[in-house]
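First the structure, in the form of structure tokens, and then the observations on it.
Values in this document were obtained by computation on a predicted structure and should not be read as measured data.
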Amino acid sequence: MKKNNIVYGLLLLAAGICISCEDYLDQVPNNILSLEEVFSKRATVERYLATVYSSIPNELVDNNNAAISDEMDITFDDYAENYINIGSMTPSKGYKQSWSSYYQAIRSATIFINRVEACPDPEFPEQLKKQFKAEARSLRAFYYFLLFRWYGPFVINGDEEIPADADLTTMSIPRSPVDACVEYLMKELDLACQEGLLDWYVSDLDYGRVTIPAVRALQSRILLYAASDLFNGNTDYADFKNKDGENLVNQTYSKDKWARAATATKSFIDNFDRFALYVRNDDPYESYQYLYLDDWNQEVIFTRNDASYSHIEWNSPRFGNGWSGWDPTQQMVDAYFTASGLPITDQVFVNKDPNYKEEGVITEDKGHALSGTWNMYVDREPRFYVSICYDNSRWVATAYANICELYYNGNTGKIPGTRNYSKTGYLMRKFSNPAADVKNSRIPSRSAIIFRLGEIYLNYAEALNESDPGHPDILLYVNKIRERAGLRAYGTNEGDIFLKSSTQEAIRQLIRAERRVELAFENHRYFDCKRWKISTQTDGGDFWGMNVDAGRPEFYQRTVFETRVFEPQHYLWPIPQDEMYKNSMLVQNPGWQSMD
């Protein structure tokens, strides 16, 4: 691509945001325009901004990181996730790599930031130019954060437009230390809020734009990551340095980083009272289910609007013409609480539910569990029934609400010579729309949530427990999540669940357990385990499901379906080798230097 040219094509149609001109996407030119021409008219400026938005990942489909965590498996061995899980990644063989694509998005945002205000179009108000500039600045910071969560410290290009055909000298910029990266992002996002971002949406046509609440939610997440074990005084990275000897990860632990994250997140809660946990018909099951189906409800802070849910719906059972390919692990199934709000195994903060049973079946319907259901799946919490399709449960789609048989030769179980079946004996049901009809290719469109209030509450509880253990707000906000889920609160009042330990470590595990369930399959777990530095325990070793090679009742035996590899170098992904060749100042992430 030439330095001063932009090629327009179908990419522009993928932006999925609503800008003030309703029909602008219908006017996309097929020719090649110079940047001077692009930034001469409001219409082409808006189209360019749409390309900057289009790099927001559709993570529920394109980057389904649940399948490289302990939450889920993808049945098909030829998918990138399975190569990652067996440890076959190297700098030259990087699956799902995003380093170069996010830097391309960053470059596009920078070009926009530098040029939009000079647009001479008299029909382009100055305030709108400032708003668009602030949106591009926010998106650029978001793309840097996406690099940060995969690779750690990144190269800050700032406002300089690095030409696509730049020589190696121009391209050779060292990585900035984590603390500098975080400060850069925080300042950029503060500046975006000052420059003219919308406080909230003026009309439905604005849905999907970056707003001040979206920026503040991003800051909450950035500060939470920066305060966590992976980046806060991680002595495993003592030798992780730039070529001039500069440490890329600060070797001194700082409790103040947690306090800063707590303060920023509480500020969000206090200043944006338009948001509330989504509740539907005072029903915990419906509330959790329709949180993801009712677009732009009161819990939603920011979404990608044009998210395709076809892969989600095609994950339906085989009797619905689905491929049964996205499958929760037994580890994830066991993480859900019982209807009493207790875990099924003893935890440091509370004892297990004494009424939980695994053997035998029920002989009549009980709650969401149908007659004939194995006791493991009986009397579980509402979020379990929303999220997990287990043997003898009814599929969610009303067009083919059959009872799922996940055992060997069952109606959606393993059949010799086929690949459309679950290796774990479960299907993911969360996000599936009851109105979807895969057989007839009728899949309702909706947005994909990037930030929601439930995450904000859990961010605050976690940061506060690390900075000010014992603060009453910690359990207050965890209990808000549990109340919406229909579970008893932790506390000392009548009916509450009494904690057997309230030490900082016990509450830490309590928060992590709640976060694991509430945010399941939303692309948090993989990064949470990495930032907590527990992935060698959670994402490596034996992974369990039911015995899909057997019929009932032998099917209901915990069985290893896969052994995964997670080594210390996997905490940060390798920078692609071809990018290392382009930038002589880049240092590779720890553990990957000698992989090729």
Side-chain angles (χ1 to χ4, degrees), residues 4 6 8 12 15-25 27 33-56 105-145 156-162 183-220 222 264 267-268 271-272 274 301-305 450-451:
N4 289 319
I6 294 292
Y8 286 99
L12 292 169
I17 59 170
C18 297
I19 298 181
S20 54
C21 293
E22 294 182 39
D23 60 346
Y24 82 95
L25 286 177
Q27 303 172 10
L33 302 179
S34 69
L35 285 174
E36 287 72 19
E37 291 173 307
V38 169
F39 287 94
S40 66
K41 297 179 181 179
R42 172 177 170 174
T44 47
V45 167
E46 289 181 331
R47 293 174 194 139
Y48 189 97
L49 181 59
T51 69
V52 180
Y53 269 95
S54 70
S55 293
I56 296 174
I106 287 165
R107 178 176 180 271
S108 295
T110 299
I111 290 172
F112 189 92
I113 291 166
N114 289 341
R115 295 171 185 259
V116 61
E117 289 186 294
C119 178
D121 190 337
E123 301 299 319
F124 198 176
E126 292 301 316
Q127 183 54 43
L128 193 58
K129 292 179 187 178
K130 292 181 182 297
Q131 177 191 320
F132 287 177
K133 180 179 180 180
E135 290 176 22
R137 190 181 301 280
S138 303
L139 290 168
R140 184 173 67 176
F142 182 52
Y143 298 140
Y144 271 123
F145 167 73
I156 299 174
N157 289 335
D159 290 334
E160 181 181 359
E161 293 181 20
I162 298 178
E183 290 309 309
Y184 171 74
L185 296 182
M186 295 300 289
K187 288 178 181 178
E188 283 289 290
L189 293 168
D190 284 342
L191 180 57
C193 290
Q194 297 162 13
E195 282 182 329
L197 285 180
L198 293 172
D199 290 330
W200 194 240
Y201 300 116
V202 177
S203 74
D204 291 354
L205 295 176
D206 291 316
Y207 282 146
R209 286 195 176 281
V210 181
T211 61
I212 290 176
V215 163
R216 298 308 186 196
L218 175 56
Q219 288 181 316
S220 168
I222 290 170
S267 177
F268 181 101
N271 290 320
F272 300 119
R274 70 171 63 250
I301 302 167
F302 185 57
T303 76
R304 173 173 170 138
N305 276 6
I450 297 174
F451 295 108

Measure the shortest side-chain to side-chain distance between [X] and [Y] over non-hydrogen atoms and say whether it is less than 4.5 angstrom.
| X | Y | value |
| --- | --- | --- |
| K133 | K130 | no |
| I450 | F142 | yes |
| K41 | T44 | yes |
| E161 | R115 | yes |
| I212 | F272 | yes |
| W200 | D206 | no |

(request) With sequence neighbours left out, write down each residue that passes ring-ring contact (aromatic ring centres under 6.0 Å, His included) with F302, or none if nothing qualifies. (result) none
(request) Could you list the residues that satisfy ring-ring contact (aromatic ring centres under 6.0 Å, His included) with Y184, not counting sequence neighbours? (result) Y144
Is a side-chain donor or acceptor of [X] paired with a backbone partner of [Y] at a separation under 3.5 angstrom?
| X | Y | value |
| --- | --- | --- |
| R216 | F268 | no |
| E46 | A43 | no |
| D121 | S40 | no |
| D159 | N114 | no |

(message) Does the plane of the ring in F39 sit parallel, tilted or perpendicular to the ring in Y48? Use 30° and 60° as the thresholds.
(response) tilted
(message) Is the terminal nitrogen or CZ of K129 (NZ for Lys, CZ for Arg) located under 6.0 angstrom from the six-membered ring centre of F124 and within 45° of that ring's axis?
(response) yes
How long is the gap from [atom1] on [X] to [atom2] on [Y], to the nearest 0.5 Å?
| X | Y | atom1 | atom2 | value |
| --- | --- | --- | --- | --- |
| L189 | F145 | CG | CZ | 11.0 Å |
| N305 | Y207 | CG | OH | 10.0 Å |
| R274 | Y201 | CZ | OH | 10.0 Å |
| L49 | F132 | CG | CZ | 6.0 Å |
| N157 | I106 | CG | CD1 | 7.0 Å |

Between [X] and [Y], which heavy-atom pair has the shortest distance, and what is it?
| X | Y | value |
| --- | --- | --- |
| L197 | S138 | CD1-OG, 3.6 Å |
| I301 | A217 | CG2-CB, 4.1 Å |
| A136 | A109 | O-CB, 3.7 Å |

(message) Taking the basic N atoms (NZ, or NE/NH1/NH2) and the acidic carboxylate oxygens, is any pair closer than 4.0 Å for R140 and E188?
(response) yes
(request) Determine, for R137 against D190, whether the closest basic-nitrogen to carboxylate-oxygen distance falls under 4.0 angstrom. (result) no
(request) Kindly determine whether I56 and L139 satisfy side-chain contact (heavy atoms from CB on, under 4.5 Å), including the steps that lead there. (result) CA-CA 8 Å; I56 296 174; L139 290 168; 3.8 Å; yes
(message) Quick check on side-chain contact (heavy atoms from CB on, under 4.5 Å): which of V45, I111, L128 does V116 satisfy it with?
(response) V45
(message) Quick one, E135 with Q131, criterion side chain to side chain donor-acceptor pair (under 3.5 Å). Give me CA distance, side-chain angles, the key distance, then yes/no.
(response) CA-CA 6 Å; E135 290 176 22; Q131 177 191 320; 2.9 Å; yes
